[in-house]
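Written below as structure tokens is the structure these notes are about.
Numbering starts at 1 and runs along the sequence shown. Since this is a predicted model, take the numbers as computed values, not measurements.
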Amino acid sequence: MTLVEELRRRAERSGAPLPGLGDGRDRYGPVAATLFTAGGFISVRRHSSGTTLVTIWDHRDELVAWGHAPGVDDVVNTLRAWQDDLPLRDLCSDVARYLQAGDAQAATETLWDLLTDSGEPFLHAIVTAAAANETLRALRPWVSHGTLHLLHPADSVHGVRRGLAFHPTGAATFRVHIYDGPMGLVEDAATAATTAAATAATW
């Protein structure tokens with residue numbers, strides 16, 4: 001039984017089904033279950049360790065809450081509350097106390113963990129190299145059209161003033177593009193990370 005099937009079955013047994021629940025992927029990789037609403041969406045990932053990570057995203061694709069659910073019923077309750085448009089503050093304080101919100105540094109670490117544990121294989125080389133660099137690790141990762149972007153954590157996704165992207169050019173080679181600047185040379189993942197970090201260190 002897939003996680004979606006299990007979640008649907010438990011929700012239906014409780015008398016409050018989750019009609020919009022499905023599987024698929026978000027910009028950070030495959031997900032076991034996802035639920036979209038007007039306010040954003042929830043992604044649920046089940047790791048090989050047995051933990052279940054729930055991430056909540058607003059309508060701008062910004063991560064607004066995250067946490068490891070204690071059990072499947074906790075995931076169902078979270079999904080149902082989100083489907084019913086419960087405000088995020090109430091969701092985190094009353095229904096799903098395992099969720100964390102409001103800590104930008106922790107949110108950035110969660111995004112890196114998503115890419116490391118569940119990201120697309122073609123991004124593995126650059127994710128590994130960037131995540132190992134202290135300067136780049138402090139930036140917020142963002143995936144768009146198969147490209148890893150790193151954004152200054154103080155900038156919103158749709159109002160970025162300081163950011164860069166690793167444009168893939170082949171098997172584990174990339175060109176670093178500093179926003180509003182020229183495209184860099186073709187480099188392997190480790191060198192591209194070093195090149196990017198030299199600029200990011202000045203932000």
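Remark: side-chain polar atoms of Thr194 are paired, donor with acceptor, to backbone N or O of Ala190 under 3.5 angstrom. Within the 3.5 Å criterion, the main-chain N or O of Cys92 finds no donor-acceptor partner in the side chain of Gln100. The main-chain N or O of Thr199 is found under 3.5 Å from a side-chain atom of Thr202 such that the two form a donor-acceptor pair. When atom types are taken as modelled, the side chain of Thr51 and the backbone of His47 share no donor-acceptor pair closer than 3.5 angstrom. Between the side chain of Arg175 and the main chain of Gly184, a donor-acceptor pair closer than 3.5 Å is present. A donor-acceptor pair under 3.5 Å links the side-chain atoms of Arg8 to the main chain of Leu21, judged by distance alone. Looking only at distances, a side-chain donor or acceptor of Arg45 sits under 3.5 Å from a matching main-chain atom of Pro30.
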Exercise. Are Leu151 and Leu139 close enough, and set up right, to give a side-chain contact (heavy atoms from CB on, under 4.5 Å), and what steps lead you there?
Worked result: CA-CA 5 Å; Leu151 315 178; Leu139 302 179; over 6 Å; no

Problem set entry | Trace of the side-chain contact (heavy atoms from CB on, under 4.5 Å) decision for His158 with Glu62 | CA-CA 10 Å; His158 298 291; Glu62 296 271 17; 5.6 Å; no

For this session: For the pair Ser43 and Asp26, evaluate side chain to side chain donor-acceptor pair (under 3.5 Å) and give the outcome as yes or no after the intermediate values.
Result: CA-CA 7 Å; Ser43 294; Asp26 59 23; 2.9 Å; yes

Exercise. side-chain contact (heavy atoms from CB on, under 4.5 Å) between Phe41 and Ile56: does it pass, once the steps are laid out?
Worked result: CA-CA 6 Å; Phe41 66 98; Ile56 302 182; over 6 Å; no

Exercise. Given Asp188 and Thr191, is the side chain to side chain donor-acceptor pair (under 3.5 Å) satisfied, shown in steps?
Worked result: CA-CA 5 Å; Asp188 62 41; Thr191 305; 2.8 Å; yes

For this session: Report the C-alpha distance between Trp142 and Asp61 in whole Å, list the side-chain angles of each, state the deciding distance to 0.1 Å, and finish with yes or no for side-chain contact (heavy atoms from CB on, under 4.5 Å).
Result: CA-CA 10 Å; Trp142 171 262; Asp61 269 7; 3.5 Å; yes

Exercise. Stepwise, does the salt bridge (charged side-chain N to carboxylate O under 4.0 Å, His left out) test hold for Asp74 with Arg80?
Worked result: CA-CA 10 Å; Asp74 297 284; Arg80 182 182 298 121; over 6 Å; no

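Between Ala192 and Glu187, the shortest heavy-atom contact is CA-OE1, 3.3 Å. Nearest approach of Arg140 to Leu111, heavy atoms of both residues: CG-CD1, 3.5 Å. The two residues Glu120 and Gly29 make their nearest non-hydrogen contact at OE2-CA, 3.9 Å. Across Leu7 and Ala33, no two heavy atoms sit closer than the pair CD1-CB, 3.8 Å. Considering every non-hydrogen atom in both Ala125 and Ala189, the closest pair reads O-CB, 3.6 Å. Listed here is the closest heavy atom pair of Gly67 and Leu99: N-CD2, 3.8 Å.
Here the OG1-CZ distance, from Thr169 to Phe174, works out to 7.5 Å after rounding to the nearest 0.5 Å. To the nearest 0.5 Å, atoms OG1 (Thr128) and CG (Leu115) are separated by 10.0 Å. The CG atom of Leu150 lies 11.0 Å from the OG1 atom of Thr135; values are rounded to the nearest 0.5 Å. With rounding to the nearest 0.5 angstrom, the CG atom of Leu164 is 12.0 Å from the CG atom of Asp180. We find the CG-CG distance between Leu86 and Asn77 to be 11.5 Å, quoted to the nearest 0.5 Å. Note that CH2 of Trp203 and NE2 of His152 are 8.0 Å apart. Values are rounded to the nearest 0.5 Å.
Residues Ile42 and Thr78 have side chains in contact (heavy-atom distance under 4.5 Å, counting atoms from C-beta outward). Considering only heavy atoms from C-beta on, Pro168 stays 4.5 Å or farther from Thr173 through its side chain. Side chains of His177 and Pro182 form no contact here, defined as non-hydrogen atoms less than 4.5 Å apart. Counting only heavy atoms from C-beta outward, the side chains of Pro141 and Thr108 approach each other to under 4.5 Å. In this structure, Leu53 and Thr55 have side chains that are in contact, with non-hydrogen atoms separated by less than 4.5 Å. Side-chain contact between Asp23 and Thr2: absent, with no pair of heavy atoms (C-beta onward) separated by less than 4.5 Å. Counting heavy atoms from C-beta outward, Trp66 and Val54 have side chains that stay 4.5 Å or more apart. Contact annotation: the side chain of Thr52 approaches that of Val44 to within less than 4.5 Å [non-hydrogen atoms, C-beta and beyond].
Ring geometry, His149 versus His167: the interplanar angle exceeds 60°, so the pair is classed perpendicular (tilted spans 30 to 60°). Trp57 and Tyr28 have parallel rings, their planes meeting at less than 30° on a 0 to 90° scale where 60° marks the start of perpendicular.
Hydrophobic clustering (side-chain heavy atoms under 4.5 Å, transitive across Ile, Leu, Val, Met, Phe, Trp, Tyr) keeps Met183 apart from Val160. The cluster map of Ile, Leu, Val, Met, Phe, Trp and Tyr, joined by side-chain heavy atoms under 4.5 Å apart, puts Leu79 and Phe36 in different clusters. Under the 4.5 Å side-chain heavy-atom criterion for grouping Ile, Leu, Val, Met, Phe, Trp and Tyr, Leu63 is not connected to Val31 through any hydrophobic cluster. In the hydrophobic cluster analysis, where Ile, Leu, Val, Met, Phe, Trp and Tyr join through side-chain heavy atoms closer than 4.5 angstrom, Tyr179 is grouped apart from Leu185. Hydrophobic clustering keeps Val186 apart from Phe122 (ILVMFWY residues linked when any side-chain heavy atoms are closer than 4.5 Å, directly or through intermediates).
With respect to Arg10 and Glu5, no salt bridge is recorded, no charged nitrogen being found less than 4.0 Å from a carboxylate O. Contact check on Glu6 versus Arg46 returns a salt bridge, with a Lys/Arg side-chain nitrogen under 4.0 Å from an Asp/Glu carboxylate oxygen. Using a cutoff of 4.0 Å between basic side-chain nitrogens and carboxylate oxygens, Asp90 and Arg97 are not scored as salt-bridged.
Other residues, nucleotides and ligands contribute only 12 or fewer heavy atoms inside 6.0 Å of the NE2 atom of His124.
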